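Here the structure comes first, spelled out in structure tokens, and everything after it is commentary.
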Amino acid sequence: MEHPDGTLTPVIDASVHIFCKSNKDLRQNFLREPFRSRGFPDYEMDWYGAPGGEYAKGTTGPDKQYPGSDPDVVARHLFDERGVDVAILHPMGRGIMPDRHLGSALAAGHNEMMVTRWLDDSAHGERFRGTIRVNPDDITGALREIAKYKDHPRVVQIGVPLQSRELYGKPQFWPLWEAAVDAGLPVAVHFEVGSGVMLPPTPNGITRTYEQFVGFTAMNFLYHLMNMIAEGVFERMPALKFVWADGAADMLTPFMWRMDCFGRPHLEQTPWAPRMPSDYLPGHTYFIQGALDGPGDVGFAGEWAGFTGKDDMVMYGSSYPHWQLNDLSVPCSYSAEQRDKLCWRNAAELYGIEIPVIASASAAQ
């Protein structure tokens with residue numbers, strides 16, 4: 001990324017969505033019976049279609065395969081045209097299935113697709129890093145997937161759906177988070193495009209329109225986070241790191257101010273989490289955001305990013321190939337340090353991406 005002063009900054013795109021080429025591709029190449037013959041939602045089977053279409057133009061494969069399903073097309077768009085040095089891949093799944101065995105099979109199929117087609121790709125694999133998807137409704141199956149891929153050199157995190165049936169601080173999920181810590185991998189919570197079994201997107205039920213849905217859904221990241229703090233998850237697991245991978249950093253500060261305010265007199269009710277709620281954020285909490293979050297390019301943007309330590313938590317993500325396809329726009333009031341943290345440094349430190357890899361990728365461009 002070139003700045004007005006002529007300096008160059010590396011870029012890590014922390015949210016690149018990848019897909020199977022088609023349902024037929026998923027069934028024939030990555031599912032086994034009895035799951036190959038089962039019914040499950042398509043990628044777009046949700047209640048809220050984007051009015052202008054779900055995906056950016058030109059992101060389909062050379063033979064009209066699904067957007068974000070061809071490594072060569074994605075590499076050209078990201079590395080050659082958008083100046084990205086390293087891309088963190090999030091395979092898009094189908095949400096939480098009523099049958100946990102089917103849900104685990106779908107997650108495993110997407111993991112196999114990502115590793116064989118993307119991370120092990122001879123042309124571009126060095127610049128891809130991957131998220132293995134696991135089913136939080138099937139802890140045994142999830143642990144099996146972690147054990148299978150945790151030592152792959154380009155797997156950098158574990159992914160679970162935002163649309164959980166329970167808040168992620170509850171004890172039934174603790175063995176999964178402990179396995180993530182043991183594997184040395186952060187956990188990414190990402191919105192699923194396929195609609196499975198899930199809670200309503202707001203505490204008051206179903207929204208009416210896409211605009212309402214997009215505006216309110218990110219609050220669910222904070223519901224999970226606040227529950228994890230209240231349940232003492234980060235106190236219990238000091239090395240656990242969570243990535244809220246589809247926004248909500250813009251809402252963190254007021255929510256945490258309120259949680260600190262109302263939590264201060266009542267810490268005796270949560271002896272398993274004896275510190276102030278906001279004290280559990282540093283080193284545990286990260287957000288991926290694009291151009292749609294926050295105040296934009298205004299004079300107070302740098303100061304705003306510093307509130308609650310957000311500038312140490314936020315990583316850039318384009319959401320490629322979805323319609324928003326966020327450009328990396330750094331507010332002018334950001335300091336050089338804040339700019340570096342957003343563009344690449346926070347992600348490089350979290351995911352263990354060596355600086356020489358970024359430098360060599362930049363040279364190749």
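Not measured: the values here are computed from a predicted model. In what follows, residues are counted from 1 in the order of the sequence shown.
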Stepwise side-chain contact (heavy atoms from CB on, under 4.5 Å) check, L350 with K241:
CA-CA 9 Å; L350 176 65; K241 301 178 187 297; 3.5 Å; yes
Step by step, would you call R82 with D13 a salt bridge (charged side-chain N to carboxylate O under 4.0 Å, His left out)?
CA-CA 10 Å; R82 297 175 66 86; D13 188 337; 5.4 Å; no
Before you tell me yes or no, could you show the steps for F35 and H101 under side-chain contact (heavy atoms from CB on, under 4.5 Å), namely the whole-Å CA-CA distance, both residues' side-chain angles and the distance that decides it to 0.1 Å?
CA-CA 9 Å; F35 306 109; H101 303 293; 3.9 Å; yes
Could you walk me through whether F255 and W257 pass ring-ring contact (aromatic ring centres under 6.0 Å, His included), step by step?
CA-CA 5 Å; F255 271 79; W257 282 348; over 10 Å; no
List the steps, then state whether salt bridge (charged side-chain N to carboxylate O under 4.0 Å, His left out) holds for E81 with R76.
CA-CA 6 Å; E81 298 175 8; R76 184 178 75 249; 3.7 Å; yes
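Ring orientation note: the planes of Y168 and W177 are nearly perpendicular, at an angle over 60° on the 30°/60° scale. Taking the six-membered ring where the residue is Trp, Y55 and Y66 present perpendicular rings, their angle passing 60° and hence far from 30°.
Of the options R133, H90, H17, a side-chain hydrogen bond (donor to acceptor under 3.5 Å, both in side chains) to H190 is made by H17 and by none of the others.
Side-chain atoms of N111 do not come within 3.5 Å of backbone N or O of P91 as any donor-acceptor pair. Formation of a donor-acceptor pair under 3.5 Å by the E145 side chain with backbone atoms of I132 is not found in this model.
Inter-residue side-chain proximity for R129 and L89 is flagged as unmet; no heavy-atom pair is nearer than 4.5 Å.
Counting only residues at least two apart or on different chains, the salt bridge (Lys or Arg N to Asp or Glu O under 4.0 Å) pairs with a member in residues 272-290 are E235-R275.
Heavy atoms only, all atoms of each residue included: D297 and P331 are closest at OD1-CA, 3.4 Å.
Judged by the 6.0 Å and 45° rule, R154 forms no cation-pi pair with F128.
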